[in-house]
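Some notes on the structure that comes next.
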Amino acid sequence: QVQLVESGGGLVQAGGSLRLSCAASGSTFVSYAMGWFRQAPGKEREFVAAISWSGGSTVYADSVKGRFTISRDNAKNTMYLQMNSLKPEDTAVYYCAAARVLRPRVRTTEYDYWGQGMQVTVSS
């Protein structure tokens, strides 16, 4: 079992930056690949970024490539998402997730544990 708690969301102006954190507890953090997803009102949950157990491999959605950076600190059991050059279309509830695999995954169905989600709002 893994418990995931997100933090760092909020309101920011277009062009600004936010850093999301996902703290994990309850199991061996290095055993899991991790990911970020988001869900806007009226839309399905979509993949944002994922990272392997070691942090050596990352995958990004085309919509965030070059603007967002995913990372993890296994000593702190924490994953991060640095979001730069934010756009109004980045507005959504952001979720972190853990998958009992070593390589990054992009489908929601491949993840075993989810955080509660937190709001990120980008104003124009």
Side-chain angles (χ1 to χ4, degrees):
Q1 283 278 348
V2 176
Q3 292 77 46
L4 303 173
V5 178
E6 301 103 336
S7 61
L11 174 65
V12 64
Q13 287 188 333
S17 299
L18 279 176
R19 189 194 196 202
L20 307 185
S21 298
C22 175
S25 62
S27 189
T28 306
F29 187 62
V30 297
S31 299
Y32 298 86
M34 301 291 294
W36 288 99
F37 291 77
R38 66 187 182 187
Q39 188 166 17
K43 295 187 176 181
E44 293 188 353
R45 192 169 299 188
E46 65 173 6
F47 169 74
V48 175
I51 190 167
S52 63
W53 73 276
S54 66
S57 179
T58 58
V59 181
Y60 295 92
D62 288 343
S63 59
V64 306
K65 204 172 292 183
R67 300 188 298 122
F68 291 10
T69 302
I70 189 172
S71 61
R72 66 190 293 167
D73 185 338
N74 288 342
K76 295 182 178 179
N77 288 359
T78 303
M79 173 181 66
Y80 306 97
L81 185 68
Q82 178 66 44
M83 306 189 295
N84 298 329
S85 302
L86 283 160
K87 305 174 181 180
E89 50 264 43
D90 294 317
T91 295
V93 175
Y94 282 71
Y95 298 88
C96 69
R100 284 176 294 191
V101 296
L102 299 182
R103 302 289 294 173
R105 295 290 188 264
V106 301
R107 297 187 181 91
T108 59
T109 54
E110 296 175 298
Y111 284 81
D112 302 288
Y113 303 101
W114 292 84
Q116 78 284 359
M118 64 182 165
Q119 181 69 43
V120 170
T121 303
V122 183
S123 63
S124 57

Nearest heavy-atom neighbours spanning Ile70 and Tyr60: N-OH, 2.9 Å
In terms of side-chain heavy atoms, does Thr121 have a donor or acceptor partner in Gln119 at a distance below 3.5 Å? yes
Test your reading of the model: is there a side-chain donor-acceptor pair from Glu6 to the backbone of Gly117, 3.5 Å cut-off? yes
Taking the six-membered ring of Trp114 as reference, does the NZ or CZ atom of Arg45 fall below 6.0 Å from its centre and within a 45° cone about the axis? yes
Working to the nearest 0.5 Å, report the span between CG of Asn84 and CZ of Arg19. 11.0 Å
Got a donor-acceptor contact below 3.5 angstrom from the Arg105 side chain to the Val101 backbone? no
In short, Ala50 meets Tyr111 closest at the heavy-atom pair CB-OH, 3.5 Å
Whether the side chain of Thr78 engages the backbone of Lys76 through a donor-acceptor N/O pair (distance < 3.5 Å, no angle test) should be reported. yes
Closest heavy-atom pair, Pro88 versus Ala14, reported as atoms and distance to 0.1 Å, is CD-CB, 4.1 Å
Once rounded to the nearest 0.5 Å, what's the spacing between atom CE of Met79 and atom SG of Cys96? 4.5 Å
Using side-chain contact (heavy atoms from CB on, under 4.5 Å), reason through Met83 and Ser17 one step at a time and then give a plain yes or no. CA-CA 5 Å; Met83 306 189 295; Ser17 299; over 6 Å; no
Do Ser54 side-chain atoms and Gly56 backbone N/O form a donor-acceptor pair below 3.5 Å? yes
To the nearest 0.5 Å, what is the distance between OG on Ser7 and CG on Leu20? 8.0 Å
If you look at every heavy atom in Val59 and Pro104, which pair is closest and at what distance? CG2-CG, 3.8 Å
Provide the closest heavy-atom pair for Gln116 versus Leu4 in the form atom of the first, atom of the second, distance. OE1-O, 3.6 Å
Can you tell me how far apart CZ (Phe68) and OG1 (Thr58) are? Round to the nearest 0.5 Å. 14.0 Å
Consider only side-chain heavy atoms of I, L, V, M, F, W and Y, link residues closer than 4.5 Å, and tell whether Val120 and Trp36 are in one cluster. yes
Indicate the ring-plane relationship of Phe47 and Phe37, choosing parallel, tilted or perpendicular according to the 30° and 60° boundaries. perpendicular
Face-on cation placement of Arg100 at Tyr32 ring, 6.0 Å and 45° thresholds: no
Evaluate the side-chain proximity of Glu46 to Thr108: yes if any heavy-atom separation is below 4.5 Å, no if none is. no
For Val122 against Thr91, the heavy-atom pair lying closest together: N-OG1, 2.9 Å
Arg72 charged N/C atom sitting above Tyr80 aromatic ring, 6.0 Å / 45°: no
Look at Asp62 together with Lys65 and state whether they make a salt bridge at an N to O cut-off of under 4.0 Å. yes
Chi angles and distances behind the side-chain contact (heavy atoms from CB on, under 4.5 Å) call for Met34, Ser71: CA-CA 9 Å; Met34 301 291 294; Ser71 61; over 6 Å; no
Which distance, rounded to the nearest 0.5 Å, do you find between the CG of Leu81 and the OG of Ser21? 9.5 Å
